[in-house]
Amino acid sequence: MPATLSGQLINLLAALLLLIAFAMITQRRILSLVNLFAMQGLVLALSTLIVAYSTGQGHLYFSAALTLVLKVMALPWILYRLMRKLNVQWDVETLINIPSTLLVGIVLVIFAFNLASPISHMAGTILRSTLGIALASVLLSFLMMIVRRKAIPQVIGFLAMENGLFFAATSSTYGMPMVVELGIALDVLVGMFIFGIFFFHIRETFDSLDLQHMEKLKED
Amino acid sequence: MSLLEGISYQLLQSLLMVLLAPLMLGWVNQCRAWLQNKSGAGLLQPYRVLRKLFHKDAVLAHNASALFRATPYIRFGCMWLAAGIVPVLATDLPFSPAADVIALVGIFALARMFLALAAMDIGTAFGGLGARREMMVSFLAEPALLMVFFTASLISHSTQLPTIVETLAHAEFVIYPSLAFAGVAFLMVLLAENARVPVDNPATHLELTMMHEAMILEYSGRHLALVEWASAIKLLTYITIGIALFLPFGIAGTGHWSALPLAFGALLPKLLFAGLGLALLETLSAKMRIFLVPEFLGTAFLLAVLGLLMHFLLES
(Lines give C-alpha, C1' and ligand atoms only; values in the text may rest on other atoms or scores of the structure.)
Protein backbone atom coordinates (compact mmCIF):
# COMPACT_ATOMS: atom_id res chain seq x y z
CA MET A 1 0.00 0.00 0.00
CA PRO A 2 1.62 3.28 -1.04
CA ALA A 3 1.60 5.60 1.89
CA THR A 4 1.80 8.94 0.13
CA LEU A 5 -1.10 10.74 -1.47
CA SER A 6 0.85 11.26 -4.69
CA GLY A 7 1.48 7.52 -4.93
CA GLN A 8 -2.23 6.88 -4.52
CA LEU A 9 -3.10 9.50 -7.12
CA ILE A 10 -0.69 7.93 -9.59
CA ASN A 11 -2.21 4.52 -8.93
CA LEU A 12 -5.64 5.99 -9.63
CA LEU A 13 -4.40 7.56 -12.87
CA ALA A 14 -2.77 4.27 -13.83
CA ALA A 15 -6.10 2.54 -13.32
CA LEU A 16 -7.75 5.22 -15.48
CA LEU A 17 -5.14 4.63 -18.19
CA LEU A 18 -6.01 0.95 -18.27
CA LEU A 19 -9.72 1.74 -18.25
CA ILE A 20 -9.31 4.03 -21.26
CA ALA A 21 -7.31 1.33 -23.05
CA PHE A 22 -10.26 -1.02 -22.51
CA ALA A 23 -12.74 1.65 -23.58
CA MET A 24 -10.79 2.03 -26.83
CA ILE A 25 -11.21 -1.68 -27.54
CA THR A 26 -14.96 -1.52 -27.04
CA GLN A 27 -15.41 1.71 -28.99
CA ARG A 28 -16.98 1.40 -32.42
CA ARG A 29 -16.87 4.98 -33.64
CA ILE A 30 -13.64 6.56 -34.82
CA LEU A 31 -14.52 9.99 -33.44
CA SER A 32 -14.93 8.63 -29.91
CA LEU A 33 -11.72 6.70 -30.40
CA VAL A 34 -9.83 9.93 -31.05
CA ASN A 35 -11.48 11.55 -28.01
CA LEU A 36 -10.42 8.61 -25.86
CA PHE A 37 -6.90 8.90 -27.20
CA ALA A 38 -6.81 12.58 -26.22
CA MET A 39 -8.13 11.66 -22.76
CA GLN A 40 -5.43 9.03 -22.36
CA GLY A 41 -2.85 11.67 -23.23
CA LEU A 42 -4.30 13.95 -20.56
CA VAL A 43 -4.13 11.20 -17.93
CA LEU A 44 -0.55 10.52 -18.96
CA ALA A 45 0.41 14.19 -18.71
CA LEU A 46 -1.22 14.45 -15.26
CA SER A 47 0.56 11.38 -13.94
CA THR A 48 3.89 12.61 -15.29
CA LEU A 49 3.25 15.94 -13.60
CA ILE A 50 2.56 14.24 -10.27
CA VAL A 51 5.69 12.09 -10.60
CA ALA A 52 7.70 15.21 -11.38
CA TYR A 53 6.27 17.02 -8.37
CA SER A 54 6.67 14.16 -5.91
CA THR A 55 10.19 13.15 -6.92
CA GLY A 56 11.55 16.59 -7.74
CA GLN A 57 12.81 15.52 -11.16
CA GLY A 58 12.84 18.78 -13.08
CA HIS A 59 13.02 17.36 -16.56
CA LEU A 60 9.76 15.46 -16.05
CA TYR A 61 7.91 18.80 -16.08
CA PHE A 62 9.12 19.25 -19.64
CA SER A 63 7.99 15.82 -20.67
CA ALA A 64 4.59 16.43 -19.06
CA ALA A 65 4.25 19.65 -21.03
CA LEU A 66 5.44 17.86 -24.16
CA THR A 67 2.83 15.14 -23.63
CA LEU A 68 0.14 17.74 -23.14
CA VAL A 69 0.99 19.68 -26.28
CA LEU A 70 1.67 16.67 -28.48
CA LYS A 71 -0.77 13.98 -27.38
CA VAL A 72 -3.69 16.02 -26.09
CA MET A 73 -3.67 18.78 -28.68
CA ALA A 74 -1.55 18.17 -31.77
CA LEU A 75 -2.12 14.50 -32.56
CA PRO A 76 -5.91 14.51 -31.95
CA TRP A 77 -6.16 17.67 -34.04
CA ILE A 78 -4.26 16.03 -36.91
CA LEU A 79 -6.47 12.95 -36.59
CA TYR A 80 -9.64 15.09 -36.64
CA ARG A 81 -8.41 16.87 -39.75
CA LEU A 82 -7.53 13.58 -41.43
CA MET A 83 -10.97 12.21 -40.59
CA ARG A 84 -12.65 15.25 -42.08
CA LYS A 85 -10.55 15.14 -45.23
CA LEU A 86 -10.94 11.40 -45.71
CA ASN A 87 -14.60 11.67 -44.69
CA VAL A 88 -14.45 8.65 -42.41
CA GLN A 89 -16.77 8.61 -39.43
CA TRP A 90 -18.35 5.21 -40.00
CA ASP A 91 -18.39 2.45 -37.51
CA VAL A 92 -15.22 0.54 -37.01
CA GLU A 93 -15.24 -3.07 -38.13
CA THR A 94 -13.55 -5.61 -35.91
CA LEU A 95 -12.23 -9.04 -36.82
CA ILE A 96 -13.64 -10.75 -33.72
CA ASN A 97 -16.70 -9.47 -31.89
CA ILE A 98 -16.27 -7.05 -29.02
CA PRO A 99 -17.24 -9.24 -26.01
CA SER A 100 -14.67 -11.87 -27.02
CA THR A 101 -12.10 -9.14 -27.53
CA LEU A 102 -12.80 -7.97 -23.98
CA LEU A 103 -12.28 -11.49 -22.64
CA VAL A 104 -8.97 -11.72 -24.50
CA GLY A 105 -8.17 -8.32 -22.97
CA ILE A 106 -8.75 -9.61 -19.42
CA VAL A 107 -6.45 -12.55 -20.10
CA LEU A 108 -3.82 -10.13 -21.41
CA VAL A 109 -4.13 -7.98 -18.28
CA ILE A 110 -3.67 -10.98 -15.99
CA PHE A 111 -0.67 -12.08 -18.08
CA ALA A 112 0.87 -8.60 -17.89
CA PHE A 113 0.29 -8.33 -14.13
CA ASN A 114 1.92 -11.71 -13.55
CA LEU A 115 4.82 -10.86 -15.82
CA ALA A 116 5.45 -7.55 -14.10
CA SER A 117 5.09 -8.66 -10.51
CA PRO A 118 8.63 -10.10 -10.02
CA ILE A 119 10.14 -6.97 -11.61
CA SER A 120 7.95 -4.76 -9.43
CA HIS A 121 9.17 -6.49 -6.30
CA MET A 122 12.76 -5.67 -7.23
CA ALA A 123 12.13 -2.06 -8.17
CA GLY A 124 12.54 0.56 -5.50
CA THR A 125 10.64 3.48 -6.98
CA ILE A 126 7.37 4.62 -5.43
CA LEU A 127 5.52 3.59 -8.59
CA ARG A 128 6.65 0.01 -8.84
CA SER A 129 3.17 -1.47 -8.98
CA THR A 130 2.19 0.61 -12.00
CA LEU A 131 4.63 -1.24 -14.26
CA GLY A 132 2.13 -4.07 -14.69
CA ILE A 133 -0.55 -1.61 -15.72
CA ALA A 134 1.74 0.03 -18.24
CA LEU A 135 2.59 -3.36 -19.71
CA ALA A 136 -1.10 -4.28 -19.80
CA SER A 137 -2.05 -1.12 -21.66
CA VAL A 138 0.74 -1.73 -24.19
CA LEU A 139 -0.59 -5.25 -24.77
CA LEU A 140 -4.18 -3.99 -25.04
CA SER A 141 -3.15 -1.45 -27.67
CA PHE A 142 -1.40 -4.30 -29.52
CA LEU A 143 -4.66 -6.23 -29.36
CA MET A 144 -6.51 -3.26 -30.79
CA MET A 145 -4.10 -3.00 -33.69
CA ILE A 146 -4.60 -6.69 -34.40
CA VAL A 147 -8.40 -6.83 -34.30
CA ARG A 148 -9.17 -3.63 -36.21
CA ARG A 149 -9.42 -3.68 -39.98
CA LYS A 150 -9.39 -0.02 -40.88
CA ALA A 151 -6.25 2.05 -41.08
CA ILE A 152 -7.12 4.90 -38.71
CA PRO A 153 -8.02 2.73 -35.66
CA GLN A 154 -4.81 0.79 -36.22
CA VAL A 155 -2.80 3.99 -36.12
CA ILE A 156 -4.63 5.12 -32.98
CA GLY A 157 -3.75 1.75 -31.47
CA PHE A 158 -0.12 2.38 -32.36
CA LEU A 159 -0.18 5.81 -30.73
CA ALA A 160 -1.90 4.41 -27.64
CA MET A 161 0.82 1.80 -27.42
CA GLU A 162 3.37 4.60 -27.33
CA ASN A 163 1.37 6.11 -24.43
CA GLY A 164 1.70 2.84 -22.54
CA LEU A 165 5.45 2.70 -23.18
CA PHE A 166 5.84 6.27 -22.02
CA PHE A 167 3.94 5.47 -18.85
CA ALA A 168 6.18 2.45 -18.26
CA ALA A 169 9.22 4.68 -18.67
CA THR A 170 8.02 7.28 -16.15
CA SER A 171 6.77 4.72 -13.67
CA SER A 172 9.81 2.46 -13.55
CA THR A 173 12.75 4.79 -14.19
CA TYR A 174 11.36 8.30 -13.60
CA GLY A 175 11.47 9.03 -17.29
CA MET A 176 14.02 8.73 -20.05
CA PRO A 177 16.77 11.29 -20.71
CA MET A 178 15.47 14.48 -22.28
CA VAL A 179 17.16 13.82 -25.63
CA VAL A 180 15.51 10.44 -25.98
CA GLU A 181 12.11 11.84 -25.04
CA LEU A 182 12.38 14.68 -27.53
CA GLY A 183 13.48 12.22 -30.19
CA ILE A 184 10.52 9.92 -29.56
CA ALA A 185 8.09 12.84 -29.53
CA LEU A 186 9.44 14.03 -32.87
CA ASP A 187 9.30 10.48 -34.23
CA VAL A 188 5.65 10.15 -33.28
CA LEU A 189 4.80 13.49 -34.85
CA VAL A 190 6.65 12.74 -38.08
CA GLY A 191 5.19 9.22 -38.08
CA MET A 192 1.73 10.72 -37.83
CA PHE A 193 2.34 12.91 -40.88
CA ILE A 194 3.64 9.94 -42.85
CA PHE A 195 0.61 7.89 -41.78
CA GLY A 196 -1.59 10.72 -42.99
CA ILE A 197 0.02 10.60 -46.42
CA PHE A 198 -0.28 6.80 -46.40
CA PHE A 199 -4.00 7.05 -45.68
CA PHE A 200 -4.53 9.08 -48.83
CA HIS A 201 -2.44 6.69 -50.92
CA ILE A 202 -4.23 3.63 -49.54
CA ARG A 203 -7.58 5.19 -50.31
CA GLU A 204 -6.54 6.28 -53.78
CA THR A 205 -5.31 2.78 -54.62
CA PHE A 206 -8.08 0.68 -53.08
CA ASP A 207 -10.99 3.14 -52.74
CA SER A 208 -11.19 2.19 -49.06
CA LEU A 209 -9.17 2.27 -45.87
CA ASP A 210 -9.69 -1.43 -45.22
CA LEU A 211 -6.21 -2.86 -44.86
CA GLN A 212 -7.32 -6.33 -45.89
CA HIS A 213 -7.01 -5.18 -49.49
CA MET A 214 -3.28 -4.91 -48.96
CA GLU A 215 -3.01 -8.62 -48.26
CA LYS A 216 -3.60 -9.39 -51.92
CA LEU A 217 -0.29 -9.54 -53.72
CA LYS A 218 -1.55 -9.52 -57.29
CA GLU A 219 -4.16 -7.42 -58.99
CA ASP A 220 -6.98 -9.49 -60.37
CA MET B 1 -29.18 -2.49 26.79
CA SER B 2 -27.16 -1.91 23.66
CA LEU B 3 -28.70 -5.02 22.14
CA LEU B 4 -32.15 -3.63 22.84
CA GLU B 5 -31.13 -0.35 21.27
CA GLY B 6 -29.72 -2.24 18.33
CA ILE B 7 -32.90 -4.21 17.79
CA SER B 8 -35.10 -1.16 18.08
CA TYR B 9 -32.86 0.65 15.60
CA GLN B 10 -32.98 -2.39 13.30
CA LEU B 11 -36.78 -2.41 13.35
CA LEU B 12 -36.89 1.34 12.79
CA GLN B 13 -34.55 1.12 9.82
CA SER B 14 -36.43 -1.78 8.19
CA LEU B 15 -39.72 0.08 8.63
CA LEU B 16 -38.29 3.36 7.31
CA MET B 17 -36.77 1.69 4.26
CA VAL B 18 -40.09 0.07 3.38
CA LEU B 19 -42.14 3.21 3.99
CA LEU B 20 -39.78 5.63 2.27
CA ALA B 21 -39.01 3.49 -0.78
CA PRO B 22 -41.97 4.85 -2.81
CA LEU B 23 -40.85 8.38 -1.92
CA MET B 24 -37.44 7.68 -3.50
CA LEU B 25 -39.18 6.36 -6.61
CA GLY B 26 -41.33 9.48 -6.65
CA TRP B 27 -38.23 11.67 -6.37
CA VAL B 28 -36.53 9.89 -9.31
CA ASN B 29 -39.69 10.20 -11.42
CA GLN B 30 -40.10 13.86 -10.44
CA CYS B 31 -36.48 14.64 -11.40
CA ARG B 32 -36.97 12.88 -14.68
CA ALA B 33 -40.12 14.90 -15.35
CA TRP B 34 -38.26 18.15 -14.59
CA LEU B 35 -35.40 17.21 -16.88
CA GLN B 36 -37.88 16.51 -19.66
CA ASN B 37 -39.62 19.87 -19.15
CA LYS B 38 -42.73 18.29 -17.69
CA SER B 39 -44.37 19.33 -14.46
CA GLY B 40 -44.37 15.79 -13.03
CA ALA B 41 -46.86 13.95 -10.87
CA GLY B 42 -45.37 14.94 -7.53
CA LEU B 43 -43.28 13.14 -4.96
CA LEU B 44 -46.23 11.29 -3.44
CA GLN B 45 -47.57 9.81 -6.66
CA PRO B 46 -46.20 6.27 -5.97
CA TYR B 47 -48.12 6.27 -2.65
CA ARG B 48 -51.31 7.27 -4.45
CA VAL B 49 -50.79 4.49 -6.98
CA LEU B 50 -50.22 1.98 -4.19
CA ARG B 51 -53.36 3.13 -2.32
CA LYS B 52 -55.41 2.89 -5.49
CA LEU B 53 -54.13 -0.60 -6.20
CA PHE B 54 -54.75 -1.81 -2.64
CA HIS B 55 -58.37 -0.69 -2.87
CA LYS B 56 -58.98 -2.52 -6.13
CA ASP B 57 -60.02 -6.13 -6.38
CA ALA B 58 -57.36 -8.56 -7.52
CA VAL B 59 -58.30 -10.38 -10.71
CA LEU B 60 -56.76 -13.80 -11.17
CA ALA B 61 -56.55 -15.87 -14.30
CA HIS B 62 -58.44 -19.19 -14.20
CA ASN B 63 -55.30 -21.25 -14.51
CA ALA B 64 -53.30 -19.29 -11.94
CA SER B 65 -51.72 -21.60 -9.37
CA ALA B 66 -50.84 -20.94 -5.75
CA LEU B 67 -47.35 -19.96 -6.89
CA PHE B 68 -48.77 -17.01 -8.79
CA ARG B 69 -50.67 -15.82 -5.72
CA ALA B 70 -47.76 -16.36 -3.33
CA THR B 71 -45.11 -14.65 -5.42
CA PRO B 72 -45.95 -11.01 -4.57
CA TYR B 73 -45.69 -11.77 -0.86
CA ILE B 74 -42.43 -13.72 -1.27
CA ARG B 75 -40.93 -10.95 -3.36
CA PHE B 76 -42.01 -8.29 -0.90
CA GLY B 77 -40.60 -10.32 1.99
CA CYS B 78 -37.27 -10.87 0.23
CA MET B 79 -36.88 -7.18 -0.52
CA TRP B 80 -37.80 -6.25 3.04
CA LEU B 81 -35.17 -8.64 4.37
CA ALA B 82 -32.58 -7.24 1.96
CA ALA B 83 -33.45 -3.69 3.03
CA GLY B 84 -33.02 -4.74 6.66
CA ILE B 85 -29.44 -5.96 6.38
CA VAL B 86 -27.93 -3.01 4.53
CA PRO B 87 -26.30 -0.46 6.85
CA VAL B 88 -28.08 2.75 5.95
CA LEU B 89 -27.56 5.04 8.93
CA ALA B 90 -25.57 2.92 11.39
CA THR B 91 -23.50 -0.25 11.13
CA ASP B 92 -24.89 -1.75 14.31
CA LEU B 93 -27.52 -4.06 12.85
CA PRO B 94 -28.40 -7.14 14.95
CA PHE B 95 -30.04 -8.86 11.97
CA SER B 96 -27.11 -8.45 9.63
CA PRO B 97 -25.23 -11.63 10.67
CA ALA B 98 -28.21 -13.46 9.15
CA ALA B 99 -26.93 -12.70 5.66
CA ASP B 100 -23.65 -11.49 4.23
CA VAL B 101 -23.21 -9.97 0.77
CA ILE B 102 -23.25 -13.35 -0.97
CA ALA B 103 -26.52 -14.25 0.72
CA LEU B 104 -27.81 -10.81 -0.22
CA VAL B 105 -27.22 -11.61 -3.89
CA GLY B 106 -29.00 -14.90 -3.21
CA ILE B 107 -32.02 -13.12 -1.71
CA PHE B 108 -32.33 -10.95 -4.82
CA ALA B 109 -32.00 -14.08 -6.95
CA LEU B 110 -34.73 -15.85 -4.97
CA ALA B 111 -37.16 -12.96 -5.48
CA ARG B 112 -36.33 -12.81 -9.15
CA MET B 113 -36.74 -16.57 -9.63
CA PHE B 114 -40.20 -16.55 -8.08
CA LEU B 115 -41.28 -13.61 -10.20
CA ALA B 116 -40.04 -15.32 -13.37
CA LEU B 117 -41.83 -18.56 -12.42
CA ALA B 118 -45.03 -16.66 -11.68
CA ALA B 119 -44.77 -14.89 -15.03
CA MET B 120 -44.55 -18.25 -16.80
CA ASP B 121 -47.24 -19.78 -14.58
CA ILE B 122 -50.13 -18.04 -16.36
CA GLY B 123 -48.92 -19.16 -19.76
CA THR B 124 -49.39 -15.94 -21.70
CA ALA B 125 -46.88 -15.03 -24.38
CA PHE B 126 -45.79 -11.82 -22.68
CA GLY B 127 -45.13 -13.51 -19.35
CA GLY B 128 -42.82 -16.12 -20.83
CA LEU B 129 -41.07 -13.53 -22.95
CA GLY B 130 -40.51 -11.20 -20.01
CA ALA B 131 -39.30 -14.02 -17.78
CA ARG B 132 -36.81 -15.21 -20.38
CA ARG B 133 -35.42 -11.73 -20.90
CA GLU B 134 -35.24 -11.06 -17.17
CA MET B 135 -33.31 -14.26 -16.61
CA MET B 136 -30.92 -13.39 -19.45
CA VAL B 137 -30.21 -9.98 -17.95
CA SER B 138 -29.88 -11.26 -14.42
CA PHE B 139 -27.58 -14.18 -15.14
CA LEU B 140 -25.20 -11.66 -16.68
CA ALA B 141 -25.66 -9.07 -13.94
CA GLU B 142 -25.28 -11.42 -10.99
CA PRO B 143 -21.59 -12.36 -11.47
CA ALA B 144 -20.75 -8.69 -11.96
CA LEU B 145 -22.53 -7.85 -8.69
CA LEU B 146 -20.70 -10.64 -6.89
CA MET B 147 -17.36 -9.41 -8.23
CA VAL B 148 -18.16 -5.88 -6.98
CA PHE B 149 -18.91 -7.30 -3.53
CA PHE B 150 -15.74 -9.42 -3.61
CA THR B 151 -13.62 -6.36 -4.34
CA ALA B 152 -15.05 -4.58 -1.32
CA SER B 153 -14.71 -7.76 0.74
CA LEU B 154 -11.04 -8.15 -0.18
CA ILE B 155 -10.31 -4.63 1.01
CA SER B 156 -12.02 -5.13 4.34
CA HIS B 157 -11.36 -8.88 4.75
CA SER B 158 -15.00 -9.63 5.45
CA THR B 159 -18.17 -10.40 3.54
CA GLN B 160 -20.39 -8.81 6.19
CA LEU B 161 -21.75 -5.51 4.95
CA PRO B 162 -21.49 -3.73 8.34
CA THR B 163 -17.83 -4.75 8.67
CA ILE B 164 -17.11 -3.58 5.12
CA VAL B 165 -18.73 -0.21 5.80
CA GLU B 166 -16.96 0.04 9.15
CA THR B 167 -13.60 -0.53 7.43
CA LEU B 168 -14.24 1.82 4.55
CA ALA B 169 -15.85 4.64 6.49
CA HIS B 170 -13.76 4.79 9.60
CA ALA B 171 -10.27 3.91 8.38
CA GLU B 172 -7.85 6.62 7.27
CA PHE B 173 -8.50 8.13 3.87
CA VAL B 174 -7.03 6.01 1.09
CA ILE B 175 -7.82 6.17 -2.61
CA TYR B 176 -8.86 2.75 -3.84
CA PRO B 177 -8.65 2.54 -7.66
CA SER B 178 -10.26 -0.89 -7.41
CA LEU B 179 -13.36 0.62 -5.81
CA ALA B 180 -13.63 3.17 -8.62
CA PHE B 181 -13.89 0.31 -11.12
CA ALA B 182 -16.28 -1.56 -8.87
CA GLY B 183 -18.40 1.58 -8.52
CA VAL B 184 -18.91 1.95 -12.25
CA ALA B 185 -19.69 -1.76 -12.54
CA PHE B 186 -22.17 -1.48 -9.67
CA LEU B 187 -23.93 1.42 -11.36
CA MET B 188 -24.36 -0.63 -14.53
CA VAL B 189 -25.71 -3.58 -12.54
CA LEU B 190 -28.07 -1.24 -10.67
CA LEU B 191 -29.51 0.01 -13.96
CA ALA B 192 -29.96 -3.50 -15.30
CA GLU B 193 -31.36 -5.09 -12.17
CA ASN B 194 -33.87 -2.35 -11.45
CA ALA B 195 -35.16 -2.24 -15.02
CA ARG B 196 -33.97 1.33 -15.58
CA VAL B 197 -33.54 3.00 -18.93
CA PRO B 198 -30.54 1.77 -20.87
CA VAL B 199 -31.67 -1.81 -20.28
CA ASP B 200 -35.41 -1.60 -19.71
CA ASN B 201 -37.94 1.23 -19.63
CA PRO B 202 -39.85 1.44 -16.34
CA ALA B 203 -42.42 3.83 -17.78
CA THR B 204 -43.75 1.52 -20.45
CA HIS B 205 -46.66 -0.84 -20.10
CA LEU B 206 -47.22 -2.10 -23.61
CA GLU B 207 -44.19 -2.35 -25.73
CA LEU B 208 -42.58 -5.35 -27.34
CA THR B 209 -39.23 -4.50 -25.79
CA MET B 210 -40.37 -4.45 -22.15
CA MET B 211 -38.92 -6.90 -19.66
CA HIS B 212 -39.99 -6.26 -16.08
CA GLU B 213 -43.42 -4.92 -17.04
CA ALA B 214 -44.03 -7.93 -19.29
CA MET B 215 -43.58 -10.23 -16.30
CA ILE B 216 -46.06 -8.46 -14.06
CA LEU B 217 -48.64 -7.82 -16.78
CA GLU B 218 -51.09 -10.36 -15.32
CA TYR B 219 -50.98 -8.99 -11.79
CA SER B 220 -53.68 -6.65 -10.51
CA GLY B 221 -55.00 -5.14 -7.30
CA ARG B 222 -53.09 -5.81 -4.10
CA HIS B 223 -50.76 -8.27 -5.84
CA LEU B 224 -49.63 -5.62 -8.29
CA ALA B 225 -49.30 -3.13 -5.44
CA LEU B 226 -46.99 -5.48 -3.56
CA VAL B 227 -44.90 -6.18 -6.66
CA GLU B 228 -44.56 -2.46 -7.41
CA TRP B 229 -43.75 -1.69 -3.79
CA ALA B 230 -41.13 -4.46 -3.74
CA SER B 231 -39.56 -2.96 -6.85
CA ALA B 232 -39.39 0.44 -5.15
CA ILE B 233 -37.75 -1.15 -2.09
CA LYS B 234 -35.31 -2.94 -4.39
CA LEU B 235 -34.30 0.34 -6.01
CA LEU B 236 -33.80 2.04 -2.64
CA THR B 237 -31.86 -0.98 -1.33
CA TYR B 238 -29.54 -0.94 -4.34
CA ILE B 239 -28.95 2.79 -3.95
CA THR B 240 -28.19 2.40 -0.24
CA ILE B 241 -25.84 -0.51 -0.96
CA GLY B 242 -24.06 1.76 -3.45
CA ILE B 243 -23.82 4.51 -0.85
CA ALA B 244 -22.62 2.06 1.80
CA LEU B 245 -19.86 0.69 -0.44
CA PHE B 246 -18.67 3.75 -2.29
CA LEU B 247 -19.70 6.81 -0.25
CA PRO B 248 -19.84 5.50 3.30
CA PHE B 249 -18.72 8.74 4.95
CA GLY B 250 -21.00 9.71 7.78
CA ILE B 251 -22.55 6.32 8.53
CA ALA B 252 -22.52 5.93 12.30
CA GLY B 253 -20.27 3.24 13.76
CA THR B 254 -21.10 0.63 16.36
CA GLY B 255 -22.29 2.12 19.62
CA HIS B 256 -22.31 5.69 18.36
CA TRP B 257 -26.00 6.44 18.65
CA SER B 258 -25.33 10.13 19.10
CA ALA B 259 -23.98 10.20 15.55
CA LEU B 260 -27.34 9.16 14.12
CA PRO B 261 -28.64 12.69 13.35
CA LEU B 262 -25.35 13.47 11.62
CA ALA B 263 -25.61 10.21 9.67
CA PHE B 264 -29.12 11.14 8.63
CA GLY B 265 -27.94 14.58 7.57
CA ALA B 266 -25.22 12.96 5.46
CA LEU B 267 -27.57 10.38 3.98
CA LEU B 268 -30.26 12.75 2.79
CA PRO B 269 -28.16 14.75 0.27
CA LYS B 270 -26.56 11.50 -0.90
CA LEU B 271 -29.99 10.00 -1.62
CA LEU B 272 -31.20 13.19 -3.29
CA PHE B 273 -28.13 13.33 -5.51
CA ALA B 274 -28.37 9.62 -6.29
CA GLY B 275 -31.97 10.07 -7.44
CA LEU B 276 -31.09 13.13 -9.49
CA GLY B 277 -28.12 11.32 -11.04
CA LEU B 278 -30.26 8.33 -11.89
CA ALA B 279 -32.87 10.56 -13.53
CA LEU B 280 -30.16 12.42 -15.45
CA LEU B 281 -28.64 9.17 -16.66
CA GLU B 282 -32.03 7.92 -17.77
CA THR B 283 -32.83 11.14 -19.59
CA LEU B 284 -29.51 11.26 -21.40
CA SER B 285 -29.40 7.68 -22.57
CA ALA B 286 -31.73 5.85 -24.90
CA LYS B 287 -32.93 2.34 -24.30
CA MET B 288 -30.54 -0.04 -25.98
CA ARG B 289 -31.41 -2.93 -28.26
CA ILE B 290 -31.89 -6.12 -26.31
CA PHE B 291 -28.99 -7.77 -28.12
CA LEU B 292 -26.67 -5.05 -26.85
CA VAL B 293 -27.57 -5.82 -23.22
CA PRO B 294 -25.12 -8.76 -22.97
CA GLU B 295 -22.37 -6.42 -24.17
CA PHE B 296 -23.39 -3.78 -21.59
CA LEU B 297 -23.39 -6.28 -18.75
CA GLY B 298 -20.26 -7.95 -20.07
CA THR B 299 -18.57 -4.58 -19.72
CA ALA B 300 -19.87 -4.36 -16.15
CA PHE B 301 -18.41 -7.78 -15.39
CA LEU B 302 -15.13 -6.78 -17.02
CA LEU B 303 -14.92 -3.63 -14.92
CA ALA B 304 -15.64 -5.56 -11.75
CA VAL B 305 -12.94 -8.14 -12.58
CA LEU B 306 -10.52 -5.34 -13.40
CA GLY B 307 -11.29 -3.82 -10.00
CA LEU B 308 -10.45 -7.14 -8.40
CA LEU B 309 -7.15 -7.35 -10.34
CA MET B 310 -6.34 -3.74 -9.45
CA HIS B 311 -6.75 -4.61 -5.81
CA PHE B 312 -4.19 -7.39 -6.07
CA LEU B 313 -1.75 -5.29 -8.06
CA LEU B 314 -1.98 -1.87 -6.46
CA GLU B 315 -3.35 -2.30 -2.98
CA SER B 316 -1.92 -5.52 -1.59
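This one's a predicted model, so the numbers in the text were calculated from it and none came from an experiment. Computed over heavy atoms, backbone and side chain alike; hydrogens, waters and symmetry mates excluded.
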CZ-CG distance between A/Phe22 and B/Leu306, expressed to the nearest 0.5 angstrom =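 Atom-to-atom, A/Phe22:CZ and B/Leu306:CG are 4.5 Å apart.
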Out of curiosity, A/Ile25 CD1 to B/Thr299 OG1, how far, rounded to the nearest 0.5 Å?
->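 With rounding to 0.5 Å, CD1 (A/Ile25) is 11.5 Å from OG1 (B/Thr299).
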Other residues, nucleotides and ligands only: do more than 12 of their heavy atoms fall within 6.0 Å of [atom1] on [X]?
X        : atom1 : result
B/Phe273 : CZ    : no
A/Phe62  : CZ    : no
B/Phe246 : CZ    : yes
A/Tyr61  : OH    : yes

Per-residue contact mode, A/Ile133 against chain B (heavy atom under 4.5 angstrom) |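 The answer is both parts of A/Ile133.
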Measure across B/Leu302 and A/Leu102 and return the closest heavy-atom pair with its distance rounded to 0.1 Å.
->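 Looks like CD1-O, 3.8 Å.
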How far apart are the C-alpha atoms of B/Met310 and A/Asn11, what are their side-chain angles, what is the distance that settles it, and do they pass the side-chain contact (heavy atoms from CB on, under 4.5 Å) test?
-> CA-CA 9 Å; B/Met310 284 291 161; A/Asn11 276 349; over 6 Å; no
Heavy-atom proximity to chain A below 4.5 Å, by part of B/Phe301 |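 No part of it gets close to chain A.
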